[in-house]
Amino acid sequence: MDTAILPSTLLLTMLLSVGLFFFIRASTKDRTQQVQLVSSRDEATLMPQLQEYFLSRSYRVAAVDREQNSVIFEGFVRPSWFLAVFLTLLAAIGLICISLVLSLLFPHLGTVLFATVLLSPFSGIFYWQKAGRPEKVKLMVEPTHGEQNKLSKITVVAHRDELLELQTALQLDKSE
């Protein structure tokens, strides 16, 4: 094989493996955001609906601050089996690619290099240990007066996926 092809292939494979490493690491990153939502329901009817929603999602009330009219919910986010297996599979494919290129460069280490594929389950274990964590949702409801009817402005600090679920489940609009 041409001598220029193997080093360039190794370089590209190493760059892809760096991307894979950061992808696996980012799978456990905290994605907490703050968003302001608006509801046409008043505070008295909205607050029980919000509490019922979070209780149905396995959250519990951790703290209530009546002065700021805020509630903090706590829950445990379980890691995904699918994502753990998917990350393990991606790591295995990445390690096979690196082993293949290195075995072409160093033929005397061929079978030893392919044993690095046995390290791929560590990516799933890493995800499993880091992704399962307690999650907090801070919720603050403020009454505002719209043009003709009462509106409620809700400030929520939570994981972005939880915010999307909340928005669709209770039919809330984003504040402008």
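In this text the structure is predicted, and so the values were computed from the model without any measurement. In what follows, every heavy atom counts, from backbone to side chain, and hydrogens, waters and symmetry copies are set aside.
Between the Ser99 side chain and the Leu113 main chain, a donor and an acceptor come within less than 3.5 Å of each other. Remark: side-chain polar atoms of Arg31 are paired, donor with acceptor, to backbone N or O of Lys29 under 3.5 angstrom.
The minimum heavy-atom distance between Ser27 and Tyr127, with the atom names listed, is OG-CD1, 3.5 Å. Contact record, Phe126 with Ile24: CE2-O, 3.9 Å, taken as the closest heavy-atom pair. Of all heavy-atom pairs between Leu163 and Gln33, the closest is CD1-O, 3.7 Å. Residues Ile98 and Ser17 come closest through the heavy atom pair CD1-CB, 3.4 Å. Ser8 approaches Ile5 most closely through the heavy-atom pair OG-O, 2.9 Å. Taking all atoms of both residues into account, the shortest heavy-atom contact from Arg60 to Leu55 is CA-CD2, 4.2 Å.
Leu37 and Tyr53 end up in the same hydrophobic cluster when Ile, Leu, Val, Met, Phe, Trp and Tyr side chains are linked at under 4.5 Å. There is no path of hydrophobic side-chain contacts, each under 4.5 Å, that joins Leu100 to Leu6. Connection of Leu139 to Val35 is established within a shared hydrophobic cluster, with ILVMFWY side chains joined at heavy-atom distances below 4.5 Å, either directly or through further cluster members. If you chain together hydrophobic residues whose side chains sit under 4.5 Å apart, Leu119 and Leu20 never meet in one group. Clustering ILVMFWY residues whenever any of their side-chain heavy atoms sit less than 4.5 angstrom apart, transitively, puts Val61 in the very cluster that holds Phe54.
Just one residue in the list Glu74, Gln51, Lys136, Glu162 forms a side-chain hydrogen bond (donor to acceptor under 3.5 Å, both in side chains) with Tyr59, and that residue is Glu162.
Phe114 CZ to Leu102 CG: the interatomic distance, rounded to the nearest 0.5 Å, is 9.5 Å. Residue Thr32 holds its OG1 atom at 13.0 Å from NZ of Lys138, rounded to the nearest 0.5 Å. Here CE of Met140 is found 11.5 Å from CD1 of Ile154. Values are rounded to the nearest 0.5 Å.
In this structure, Phe86 and Phe23 have perpendicular ring planes: the angle between them is above 60°, well past the 30° mark. His108 and Phe106 have perpendicular rings, their planes meeting at more than 60° on a 0 to 90° scale where under 30° would count as parallel.
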Criterion side chain to side chain contact (heavy atoms under 4.5 Å, CB included) on Leu166 and Val156, from CA distance to verdict: CA-CA 10 Å; Leu166 174 67; Val156 185; 4.0 Å; yes

Check against side chain to side chain contact (heavy atoms under 4.5 Å, CB included), Ser123 and Leu90: CA-CA 9 Å; Ser123 65; Leu90 283 179; over 6 Å; no

Candidate pair Asp30 and Glu135, rule side chain to side chain contact (heavy atoms under 4.5 Å, CB included), full reasoning: CA-CA 10 Å; Asp30 184 30; Glu135 193 79 34; 4.1 Å; yes

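Counted within 6.0 Å of CZ on Phe122, heavy atoms from surrounding residues, nucleotides or ligands total 12 or fewer; the atom is thus considered open. At most 12 heavy atoms of other shown residues, nucleotides or ligands fall within 6.0 angstrom of atom CD in Glu52. Within a 6.0 Å sphere centred on CZ of Arg78, other residues, nucleotides and ligands contribute 12 heavy atoms or fewer.
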